Student: 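Take a look at this one; I'll ask things after.
Being a predicted model, the structure only gives us computed values, none of them experimental. In what follows, residues are counted from 1 in the order of the sequence shown.
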Amino acid sequence: QVQLVESGGGLVQPGGSLRLSCAASGFTFSSYAMDWYRQAKGKERELVATITSFGDPKNYPDSVKGRFTISRDNAKNTVYLQMNSLKSDDTAVYYCANILSISRNYWGQGTQVTVSS
């Protein structure tokens, strides 16, 4: 069934950059839009990016607009999140998802992003 494996997180200073990856399996990757969510400690899960099945990004909230870029490589079954100009409010566990994973209440292990000086 659906499997999503996030990676690429870590500790970064304010103003720095990270590139997150999500390796997907168990479904026809190129047929589905993909999302990135994040959940900061004590806060609700927040949608930060969406990309269509054919590679058009959308739905950047104001909190990340201009700093984050979602992309995908359908040949590699992988979706990416390029995160630039990071600030402390970006500290969270980041998860990828799609309509299949959400419908099954499935979330991968996530990857921790910590922005701190």
Student: Following the transitive rule for hydrophobic clusters with a side-chain heavy-atom cut-off under 4.5 Å over Ile, Leu, Val, Met, Phe, Trp and Tyr, establish whether V93 and V64 coincide in one cluster.
Tutor: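 In one cluster with V93: V64, no.
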
Student: Output, in order, the C-alpha distance, side-chain angles, deciding distance and verdict of side-chain contact (heavy atoms from CB on, under 4.5 Å) for Y106 and Q1.
Tutor: CA-CA 10 Å; Y106 168 83; Q1 70 280 50; over 6 Å; no

Student: Output the distance between atom OG1 (T78) and atom CG (L4), rounded to the nearest 0.5 Å.
Tutor: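 Rounded to the nearest 0.5 Å, the OG1-CG separation comes out at 10.5 Å.
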
Student: Would L81 and V48 satisfy side-chain contact (heavy atoms from CB on, under 4.5 Å), going step by step from the backbone distance to the final call?
Tutor: CA-CA 10 Å; L81 186 67; V48 297; 4.3 Å; yes

Student: Shortest non-hydrogen contact from S117 to P14?
Tutor: N-CD, 3.7 Å

Student: Which heavy atom in S30 sits nearest to a heavy atom in N74, and how many Å separate them?
Tutor: CB-ND2, 3.6 Å

Student: Run the ring pair (Phe, Tyr, Trp, His ring centres under 6.0 Å) check on F68 and Y60 step by step: do they pass?
Tutor: CA-CA 8 Å; F68 289 12; Y60 293 111; 8.1 Å; no

Student: With rounding to the nearest 0.5 angstrom, report the CE to CG distance, M34 to N77.
Tutor: 9.5 Å

Student: Mind checking the CG-OG1 spacing from D56 to T50? Nearest 0.5 Å is all I need.
Tutor: 12.0 Å

Student: Look up atom CD in Q112 and atom NZ in K41, then write down how far apart they are to the nearest 0.5 Å.
Tutor: 8.0 Å

Student: Checking S53 against Y32 for the side-chain contact (heavy atoms from CB on, under 4.5 Å) test, could you report, in this order, the C-alpha distance in whole Å, the side-chain angles of both residues, the deciding distance, and whether it holds?
Tutor: CA-CA 5 Å; S53 62; Y32 292 88; 5.7 Å; no

Student: Is a donor on one side and an acceptor on the other found under 3.5 Å between the side chain of S101 and the backbone of A97?
Tutor: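 No, S101 side chain to A97 backbone: no donor-acceptor pair under 3.5 Å.
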
Student: Report the residues that fulfil side chain to side chain contact (heavy atoms under 4.5 Å, CB included) with Q109, sequence neighbours left out, ordered by chain and then residue number.
Tutor: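 With neighbours one apart ignored, the set is V5, E6.
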
Student: Any idea which heavy atoms bring V113 and M83 closest together, and the distance?
Tutor: CG1-CE, 4.1 Å

Student: Go through N98 and F27 one step at a time and tell me if the side-chain contact (heavy atoms from CB on, under 4.5 Å) criterion holds.
Tutor: CA-CA 11 Å; N98 67 9; F27 62 99; 3.2 Å; yes

Student: Do you know which two heavy atoms are closest between G55 and P57, and how far apart they sit?
Tutor: O-CD, 3.5 Å

Student: For atom CD1 of I99, is the number of surrounding heavy atoms from other residues, nucleotides or ligands below 6.0 Å larger than 12?
Tutor: no

Student: Y80 and W36: same hydrophobic cluster, using ILVMFWY side-chain contacts below 4.5 Å?
Tutor: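 Each belongs to a different hydrophobic cluster.
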
Student: So how far is it from R19 CZ to N84 CG, rounded to the nearest 0.5 Å?
Tutor: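 Reported value, rounded in 0.5 Å steps: 11.5 Å.
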
Student: Under 3.5 Å, is there a donor-acceptor pair between the side chain of R38 and the main chain of T91?
Tutor: no

Student: State plainly whether one hydrophobic cluster holds both Y95 and L18, where clusters connect Ile, Leu, Val, Met, Phe, Trp and Tyr through side-chain heavy atoms under 4.5 angstrom apart.
Tutor: no

Student: Within the side chain of S116, is there an N or O that forms a donor-acceptor pair under 3.5 Å with the backbone of T114?
Tutor: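 No: the side chain of S116 does not pair with the backbone of T114.
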
Student: For V12 and S17, which heavy atoms make the closest approach, and how far apart are they?
Tutor: CG2-N, 3.9 Å

Student: In terms of hydrophobic clusters joined by side-chain contacts under 4.5 Å, are I102 and L47 together?
Tutor: yes

Student: On the ring face of F29, is R72 found with NZ or CZ under 6.0 Å from the centre and within 45° of the axis?
Tutor: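 Yes, a cation-pi geometry holds between R72 and F29.
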
Student: At what distance, to the nearest 0.5 angstrom, does CD1 of I70 lie from NZ of K58?
Tutor: 10.5 Å

Student: Verify the ring-centre separation between W107 and Y37: is it less than 6.0 angstrom?
Tutor: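 Distance test on ring centres: under 6.0 Å, yes.
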
